[in-house]
Number of protein chains: 2
Amino acid sequence: MTSNEATTPPGARTGSTGAADAAPPGRPAADRVTSRDVARAAGVSQAAVSLVLGDKWRGRVSPGKAQAVRAAARELGYRPNLAARSLRTGRTRTVLLVVPALTTEFFARVYTGAARVAADHGLGVVLYPSSEGIGPSHPAPATTPGAGPVRPPSVPDPFDSAAATLDGVIASSMAAEALTALRAADLPLVMLDSDPDDDRATATVNLDIADGVRQLTGHLTALGHRRITHLAADVRSWTFEVRARAVSEALSRVPGVRLRRLPAALGVDAGLRAAHTALTGPGPRPTALLCDDDIIAAGACKAVRRLGLRVPEDVSVTGFDDLALAVAVEPELTTVRLPAEDFGEAGMRALMAALDGRPDRAPTLPVELVARGSTAPPADAPENAARPGG
Amino acid sequence: MTSNEATTPPGARTGSTGAADAAPPGRPAADRVTSRDVARAAGVSQAAVSLVLGDKWRGRVSPGKAQAVRAAARELGYRPNLAARSLRTGRTRTVLLVVPALTTEFFARVYTGAARVAADHGLGVVLYPSSEGIGPSHPAPATTPGAGPVRPPSVPDPFDSAAATLDGVIASSMAAEALTALRAADLPLVMLDSDPDDDRATATVNLDIADGVRQLTGHLTALGHRRITHLAADVRSWTFEVRARAVSEALSRVPGVRLRRLPAALGVDAGLRAAHTALTGPGPRPTALLCDDDIIAAGACKAVRRLGLRVPEDVSVTGFDDLALAVAVEPELTTVRLPAEDFGEAGMRALMAALDGRPDRAPTLPVELVARGSTAPPADAPENAARPGG
DNA sequence: CGTCGGAAGTTATACGTAACACGTCGGGCT
DNA sequence: AGCCCGACGTGTTACGTATAACTTCCGACG
């Protein structure tokens with residue numbers, strides 16, 4: 001061991017070290033650059049490297065050496081070993097996002113927003129698609145263990161997932177069931193669109209659903225609609241409970257309105273069936289179908305046409321969420337735009353605030369009515385149906 | 001140190017240890033159960049615990065003690081510290097999935113499939129939505145640095161993402177650009193729907209796109225269509241190149257067919273515009289629009305109707321992918337169903353095979369034509385247009 | 001009877017990082 | 001003059017795990 005080999009780094013990252021497949025599988029990892037390599041190159045101790053790169057060198061390392069350390073780190077292409085750091089600090093800089101299902105465009109966008117701001121702060125996001133509480137709430141053949149194994153969500157416990165030592169959790173209220181399964185110990189937990197009084201949550205981020213509903217019902221009643229059926233998502237979830245309450249409340253203040261409510265499972269077909277029921281049931285036919293999301297609304301539009309009626313001339317249909325779907329169908333859906341990406345961002349910010357110990361009362365995000373072609377004055381329009389600005 | 005305190009575990013996980021907020025922030029983590037705790041409880045050494053739980057105790061630990069270890073681990077609720085394990089083994093049991101954008105339903109489903117099989121094998125999946133190569137290929141005002149900072153994908157480098165010491169990578173060919181950015185070193189790399197000769201990939205998993213195209217063109221020509229315009233996705237990607245080639249080849253074998261091709265950016269609006277161009281251009285109007293995905297097809301349907309024409313009586317429209325959208329629009333789209341979840345699963349399996357050193361030539365997955373209402377014989381139907389079974 | 005060899009364990013070590021505890025050296029304050 | 005304190009560092013340790021290396025105990029075999 002010659003003493004001055006200290007200044008020769010083990011191999012700058014200009015790759016292709018030659019031997020292609022000679023890696024004996026017993027070795028821990030490829031020959032990565034460690035903080036000690038950086039220390040040698042910069043002529044300081046490993047501790048100094050840690051201090052400088054951790055930006056904790058206020059009065060501990062001279063500016064000159066700090067500069068040298070940073071230069072050496074960049075030169076060698078140093079990347080800290082996250083496993084070692086986590087082991088040492090007990091923190092992983094990774095949070096879990098619990099969503100009902102990712103194939104829902106809405107939550108894919110929530111993830112996108114959350115991941116973006118997380119990445120900007122050096123955090124990672126792993127997903128836990130719970131896929132519970134979603135889909136039709138079957139009659140649930142209670143306790144018939146004979147049937148095929150009702151394969152539980154194949155990630156039985158988020159903590160069993162790899163990359164799973166977590167710093168915090170963001171969870172949609174639609175996946176709340178998964179939360180009880182995961183013993184969230186005392187992790188900071190941000191709930192999305194959930195009961196603010198839910199004491200499991202460290203913070204809650206909400207969309208102003210009630211206001212969106214008010215805009216929507218205002219739009220319908222201004223057009224002259226008085227017989228309105230609410231196709232309510234058949235999912236036990238705070239956000240849908242709020243929608244139902246807000247619909248009832250807003251319409252109860254308008255004289256002459258007759259509100260009905262029908263449950264509808266999620267999905268185009270379910271929306272179609274529910275709308276069929278609504279349109280063919282007893283009593284006068286509703287002139288507007290207020291659907292709990294755009295997908296149900298798409299199904300409702302199909303039902304209307306199958307009965308030989310037209311949207312919006314005979315029946316107006318409204319959605320919720322403003323998914324890409326909303327402008328793919330014809331007529332384009334009048335809907336309430338939910339800022340999904342912003343929602344994910346806000347959730348992540350609230351979680352980061354909690355992680356930093358900052359008590360940050362999370363905001364309620366505004367939503368916006370988007371009036372399109374699926375709504376119009378009803379055929380039996382009373383005189384108070386006036387298109388504004390027409 | 002009394003010697004027999006060895007049998008007292010530090011605190012069975014029946015929580016609420018009392019002091020609510022007394023955690024000094026300097027401490028690494030909450031008082032978790034370690035393998036040493038399990039060892040004490042079972043009356044063995046920590047090494048024995050590691051052997052038993054790692055299932056490497058064949059001739060090293062007696063069955064009785066192994067049983068005791070497992071019992072103690074379960075009793076205490078032991079969960080191995082993944083950071084420590086990774087540090088020791090150099091492996092993270094985490095793979096990266098590089099997709100163009102998650103809001104695409106298709107890739108959300110690919111993720112779902114990949115994550116499911118990964119979870120079944122104790123692996124984790126982190127996402128890298130590259131969001132490059134997607135969207136309209138703008139004229140790209142080359143090198144105009146004056147404009148606003150064209151914010152690069154805010155995850156500049158997948159390896160900078162937390163949870164980022166990776167064991168392998170699965171990447172869609174649509175996100176291939178991101179791959180060059182990530183110096184994938186010598187990580188196993190599985191490419192999805194990519195050129196099998198791409199030498200960057202350890203393995204390649206493909207969908208049998210060409211066969212799907214043959215089914216689709218066969219369907220159209222059997223209906224009697226001879227003037228067909230291919231609305232080709234304006235994205236430089238292997239999978240779309242294959243589609244274009246397969247369309248040309250399949251239709252070149254049918255006498256009398258006149259194929260045109262128009263580029264279309266992704267999205268409903270872009271599809272609408274492209275279809276408008278196709279339908280109003282010079283020469284006889286095409287009787288069928290073969291679109292590279294369902295979303296373009298939805299736009300195309302809108303274009304047809306805006307010109308006062310009907311789908312499918314005047315113009316047939318086909319999609320690709322069979323997204324949820326396909327049955328939300330009217331008429332429902334004839335399309336080629338791509339098994340997205342299976343695709344993700346197959347990719348993950350191929351990667352796991354590579355990780356285990358098993359040379360596993362990855363399969364090509366079959367696809368399936370789904371004929372629905374958006375296709376019909378053309379109005380100027382020649383005699384060879386016969387509905388089968390009609 | 002010696003010894004070899006496998007079963008059954010244990011001890012010790014290293015992975016790479018963060019941070020505590022400890023030094024040293026000047027200079028300003030009492 | 002004595003002393004304390006802040007700047008500037010370094011040595012050392014611990015995080016929890018996996019595994020190589022070592023020890024011991026027997027039974028079997030030459």
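Worth saying up front: this structure is predicted, and the values here are computed from it rather than measured. Heavy atoms only: backbone and side chains are in, while hydrogens, waters and symmetry mates are out. First the proteins, then the strands, lettered A, B, ... as listed; each starts at 1.
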Is [Y] close to [X] at the side-chain level, that is, under 4.5 Å between some pair of heavy atoms?
| X | Y | answer |
| --- | --- | --- |
| Y128(A) | L97(A) | no |
| V98(A) | V169(A) | yes |
| L166(B) | V126(B) | yes |
| I170(B) | L96(B) | no |
| R79(A) | V33(A) | no |
| V44(A) | V69(A) | yes |
| Y111(B) | V125(B) | yes |
| L127(A) | L127(B) | yes |

Starting at atom [atom1] of [X], determine the distance to atom [atom2] of [N], rounded to an integer number of angstrom.
| X | N | atom1 | atom2 | result |
| --- | --- | --- | --- | --- |
| L87(A) | dC15(D) | CG | C1' | 4 Å |
| R40(A) | dG16(C) | CZ | P | 11 Å |
| R91(B) | dG16(D) | CZ | C1' | 18 Å |
| N81(B) | dC15(C) | CG | P | 18 Å |
| R88(A) | dT17(C) | CZ | P | 13 Å |
| R36(A) | dC15(C) | CZ | P | 8 Å |
| R93(B) | dT17(D) | CZ | P | 16 Å |

Please report, to 0.1 Å, the donor-acceptor pairs under 3.5 Å made by any side chain of residues 345-358 of chain A, with sequence neighbours excluded.
{"from": "E345(A)", "atom 1": "OE1", "to": "R349(A)", "atom 2": "NH2", "distance (Å)": "3.1"}
{"from": "E345(A)", "atom 1": "OE2", "to": "R116(A)", "atom 2": "NE", "distance (Å)": "3.4"}
{"from": "E345(A)", "atom 1": "OE2", "to": "R116(A)", "atom 2": "NH2", "distance (Å)": "3.4"}
{"from": "D356(A)", "atom 1": "OD2", "to": "R358(A)", "atom 2": "NH2", "distance (Å)": "3.1"}

task: Not counting sequence neighbours, which residues clear side-chain contact (heavy atoms from CB on, under 4.5 Å) with S45(B)? List them please.
output: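 Checked S45(B) against side-chain contact (heavy atoms from CB on, under 4.5 Å); matches are A47(B), A48(B).
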- request: Return the set of residues passing side-chain contact (heavy atoms from CB on, under 4.5 Å) with S194(A) (not counting sequence neighbours), or none when no residue passes.
  value: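 With sequence neighbours excluded, S194(A) shows a side-chain contact (heavy atoms from CB on, under 4.5 Å) to S173(A), M191(A), D198(A), T204(A), given in chain and number order.
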Side-chain N,O (S35(B)) to OP1/OP2 (dT17(D)) below 4.0 Å: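 Yes, because at least one side-chain N or O of S35(B) sits under 4.0 Å from OP1 or OP2 of dT17(D).
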- prompt: How would you list, by chain and number, every residue that makes a side chain to side chain donor-acceptor pair (under 3.5 Å) with D342(B), sequence neighbours excluded?
  reply: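 D342(B) satisfies side chain to side chain donor-acceptor pair (under 3.5 Å) with no residue once adjacent residues are dropped.
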task: Not counting sequence neighbours, which residues clear side chain to side chain donor-acceptor pair (under 3.5 Å) with R70(A)? List them please.
output: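 Expected list: Q67(A).
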Using atom names, set out every protein N or O paired with an N or O of nucleotides 21-29 of chain D below 3.5 Å, distance rounded to 0.1 Å.
{"from": "dA21(D)", "atom 1": "N6", "to": "R60(B)", "atom 2": "NH2", "distance (Å)": "3.1"}

message: Using five base pairs at each end to define the local axes, how bent is the helix from dC1(C)-dG30(D) to dT30(C)-dA1(D), to the nearest 10°?
response: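 Computed angle between terminal axes is 60°.
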query: What parts of residues 44-57 of chain B reach DNA chain D, counting only heavy atoms under 4.0 Å away?
result: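 Close to the strand are Q46(B), A47(B), S50(B), K56(B).
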task: Specify the residues of residues 62-70 of chain A, ordered by number, for which at least one heavy atom lies under 4.0 angstrom from an atom of DNA chain D.
output: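 Contacts with DNA chain D under 4.0 Å: S62(A), K65(A).
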- request: Can you run down the side chain to side chain donor-acceptor pair (under 3.5 Å) pairs that involve residues 56-66 of chain A, sequence neighbours left out, and say none if there aren't any?
  value: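 Residue pairs passing side chain to side chain donor-acceptor pair (under 3.5 Å), neighbours aside: D55(A)-W57(A).
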task: Hey, which sits more toward the 5' end of DNA chain D by its nearest nucleotide, R85(B) or V61(A)?
output: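 Result: V61(A).
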